[in-house]
Engineer: 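Attaching a single structure in structure tokens format; questions to follow.
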Amino acid sequence: MQPSQEFSKAEKFWMNFKLYQLWRFVVLNLKILAAVYQSKRS
Amino acid sequence: MAKVVVIGAGFAGHTAALYLGSRLGKKHEITVISNRDVFGYVPSWVWVGIGHMKPEQTIFKLKPVYDKMHVKFVHAAAKEIHPDEGDQYVLGEEVGSGKEVRLDYDYLVVAPGPLLNFAGTPGLGPENGFTHSICSLPHAIKARDAYLALCERMKKGEQVKIVIGTGHPGATCQGAAFEYIVNIHKDLVKKGLRDKADILWLSNEPAVGDFGVNGVQIKRNGHVMRSEEFLTSVFNDHGIRYQVQSGVTKIEEGKIHWQNYEGEEGTTDFDFSMLIPQFKGQPFKYIGKDGEDISAKMVNPAGFVLVDGKYGLPYPELAQTPDAWPARYQNPTYKNVFAAGIAFAPPGPISKPFTNKNNLLIAPAPPRTGMVSGVIGRVVALNIADLIEKGEMTHSEPMTEMVAACIASMGDSLWDGNAVTIVMHPVVPDRKKFTNEFGRDLFTSHLEMGVSGAWMKFMLHHTFIWKFKALPGWKIIPE
Ligand SMILES: Cc1cc2nc3c(=O)[nH]c(=O)nc-3n(C[C@H](O)[C@H](O)[C@H](O)COP(=O)(O)OP(=O)(O)OC[C@H]3O[C@@H](n4cnc5c(N)ncnc54)[C@H](O)[C@@H]3O)c2cc1C
């Protein structure tokens with residue numbers, strides 16, 4: 001019932017690598033803003 | 001001069017009040033009636049519940065904000081709504097004095113959030129039961145005290161069992177419970193106590209990561225990744241056990257009774273448990289001009305306000321009918337009554353419901369998150385302003401078009417904190433517009449874990465409190 005899925009070492013590295021995370025932070029904000037303005041019919 | 005009354009000052013009602021005040025406040029009478037005189041930033045109650053944030057950091061007084069926005073504030077609990085033409089008013093009871101207050105209206109926004117229906121599950125809840133909740137600030141404080149006491153027991157070497165999830169087969173708000181469980185994990189790791197706790201996720205979702213929205217799906221490196229795989233990895237990585245497809249039916253001291261999809265009945269022991277109750281609409285009385293009960297015209301059987309949705313469609317048809325979701329949140333009988341946030345009646349579930357062989361319906365209700373509630377508050381406010389100024393509405397936004405972002409933090413440190421960031425667009429799948437099997441935009445939808453999520457969570461806490469205080473530039477911060 002509980003599959004043995006786990007994050008790999010590489011994935012964990014990127015999760016904590018601050019420079020990469022700064023980039024992801026920017027991407028995430030842009031995505032949210034894009035989606036908000038795309039969805040705003042009013 | 002038109003009179004607009006808003007019931008409730010949470011994400012939906014407060015957002016509506018700010019927009020109404022800013023557009024109409026100087027010329028018309030805008031009144032908010034709320035049973036609390038503070039705004040509560042609910043998402044941060046997760047941190048209150050583990051002792052990482054002081055309760056007072058999550059609230060601020062409403063009156064000074066409303067004074068600035070030309071909105072009248074009445075500190076009272078609404079109890080009756082009289083919507084018949086000619087004599088339309090809300091009756092409430094002033095907090096403290098118990099005096100009756102009457103507020104006449106031309107337009108009404110009903111936004112009092114959910115009734116936390118602990119009574120729907122015998123033994124559930126912090127008041128008359130054995131489990132905890134983080135759905136109100138007093139509950140989060142009580143949960144924090146119980147959790148910290150549990151940590152003391154662990155420090156003395158005791159092994160404990162922690163169960164977090166949903167406390168009713170039809171509960172919603174799994175995201176908040178998920179955030180709480182991962183925060184507890186992280187906190188115990190930091191305290192060096194993680195090996196003393198067995199932690200279980202117990203939920204009514206059809207699958208891990210469903211969150212009552214049929215899961216979240218994204219496209220990464222050309223392949224589709226689902227929240228089920230992702231969240232399973234999170235749980236496995238953190239050593240959190242999980243049990244989904246389970247409806248909690250009863251709680252006894254230290255024991256949770258549940259039934260699953262197969263109809264099996266079982267129990268789970270616990271030392272500390274936080275389970276989200278079923279949400280219902282606030283139990284207002286809806287009274288017609290001859291004193292008769294007109295609830296059937298205003299609310300569904302669960303007490304949520306009927307709006308411009310198509311109700312009664314069976315799930316397979318609803319899943320293919322994006323137009324069934326309301327866009328203006330206007331009551332079909334009383335056109336000057338609107339409902340915003342958790343208060344409006346959704347046309348049905350987003351996730352697939354399941355009835356087991358014992359006839360128990362296990363079906364997460366659709367979440368109306370903070371972002372969704374805020375957007376609805378804005379749409380309703382702008383339409384009321386339109387009606388007053390131009391005589392017709394120009395705004396609409398169904399959940400089949402809305403985006404929602406959820407950041408489930410794991411610890412609050414900006415250096416080694418972490419968070420799962422979930423963005424879904426739209427919240428309710430639109431299989432006509434997005435022709436993939438999920439009915440969502442797989443490019444803007446987002447699912448990721450990392451320290452950037454912790455930054456995002458921190459930023460959201462501060463920018464939203466800024467917005468809700470109506471500080472300069474509040475309107476440009478999206479809901
Ligand atoms: C712990 C937790 C964490 C969450 N985290 C997130 C998150 O990270 N992101 C997200 O998008 N959503 C999150 N949510 C969901 C979000 O908080 C809700 O969707 C949102 O609060 C709903 O807004 P609302 O205005 O409908 O209701 P509420 O925020 O509950 O506001 C209702 C208001 O009405 C008042 N009221 C109640 N009864 C009466 C009455 N009779 N008369 C007058 N006033 C009354 C209440 O006091 C309250 O102020 C979380 C929820 C919880 C519980």
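These figures come from a predicted structure and were not determined experimentally. So you know, we letter chains A, B, ... as the sequences are listed, proteins then strands, and number each from 1.
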Engineer: Which value, rounded to the nearest 0.5 Å, describes the distance between B:Trp455 atom CH2 and B:Leu460 atom CG?
Structural biologist: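 B:Trp455 atom CH2 to B:Leu460 atom CG measures 14.5 Å (nearest 0.5 Å).
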
Engineer: Could you measure the distance from the CZ atom of B:Arg328 to the OG atom of B:Ser396? Nearest 0.5 Å is fine.
Structural biologist: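 Taking CZ in B:Arg328 and OG in B:Ser396, the distance rounds to 5.5 Å.
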
Engineer: Based on non-hydrogen pairs under 4.5 Å, which of B:Ala405, B:Ser445, B:Ser233 is most in contact with chain A?
Structural biologist: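 The residue among B:Ala405, B:Ser445, B:Ser233 with the greatest pair count is B:Ser233.
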
Engineer: Suppose we screen for side chain to side chain donor-acceptor pair (under 3.5 Å). Which residues come up paired with B:Asp198, at least two apart in sequence or across chains?
Structural biologist: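 Scan of B:Asp198 (side chain to side chain donor-acceptor pair (under 3.5 Å), adjacent residues dropped) gives B:Arg241.
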
Engineer: With a 3.5 Å cut-off and no angle check, do the side chains of B:Tyr19 and B:Glu479 form a donor-acceptor pair?
Structural biologist: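 Per modelled atom types, B:Tyr19 and B:Glu479 side chains form a pair under 3.5 Å.
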
Engineer: Looking at B:Asn383, B:Val375, B:Asp237, which makes the most heavy-atom pairs under 4.5 Å with chain A?
Structural biologist: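 Most pairs with chain A among the choices: B:Asp237.
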
Engineer: Under the rule for side-chain contact (heavy atoms from CB on, under 4.5 Å), what residues qualify as partners of A:Lys9, not counting sequence neighbours?
Structural biologist: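 With neighbours one apart ignored, the set is empty.
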
Engineer: Measure B:Val234 against the heavy atoms of chain A and call it side chain, backbone, both or neither at under 4.5 Å.
Structural biologist: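 Both parts, backbone and side chain.
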
Engineer: Between B:Val423 and chain A, which part of the residue has a heavy atom less than 4.5 Å away: side chain, backbone, both or neither?
Structural biologist: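 The side chain, not the backbone.
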
Engineer: Are there residues of residues 22-29 of chain A that reach to under 4.5 Å of chain B by heavy atoms, and which ones?
Structural biologist: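 Under the 4.5 Å heavy-atom cut-off, A:Leu22, A:Arg24, A:Phe25, A:Leu28, A:Asn29 qualify.
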
Engineer: Which class fits the ring pair A:Phe17 and A:Trp14: parallel under 30°, tilted 30 to 60°, perpendicular over 60°?
Structural biologist: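 Answer is perpendicular, since the angle exceeds 60°.
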
Engineer: Could you look at B:Glu448 and say if it's the side chain, the backbone, both or neither that has a heavy atom under 4.5 Å from chain A?
Structural biologist: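 When you check distances to chain A, only side chain atoms of B:Glu448 fall under 4.5 Å.
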
Engineer: Checking B:Phe235 against chain A: side chain, backbone, both or neither under 4.5 Å from a heavy atom?
Structural biologist: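 It is neither, since no heavy atom gets under 4.5 Å.
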
Engineer: For atom NZ of A:Lys18, is the number of surrounding heavy atoms from other residues, nucleotides or ligands below 6.0 Å larger than 12?
Structural biologist: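 Buried by this count: over 12 neighbours within 6.0 Å.
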
Engineer: For B:Pro426, what residues pass the side-chain contact (heavy atoms from CB on, under 4.5 Å) criterion, not counting sequence neighbours?
Structural biologist: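 B:Pro426 satisfies side-chain contact (heavy atoms from CB on, under 4.5 Å) with B:Asp430, B:Phe434, B:Arg440 once adjacent residues are dropped.
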
Engineer: Would the A:Phe7 and B:Phe230 ring centres measure less than 6.0 Å apart?
Structural biologist: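 Yes.
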
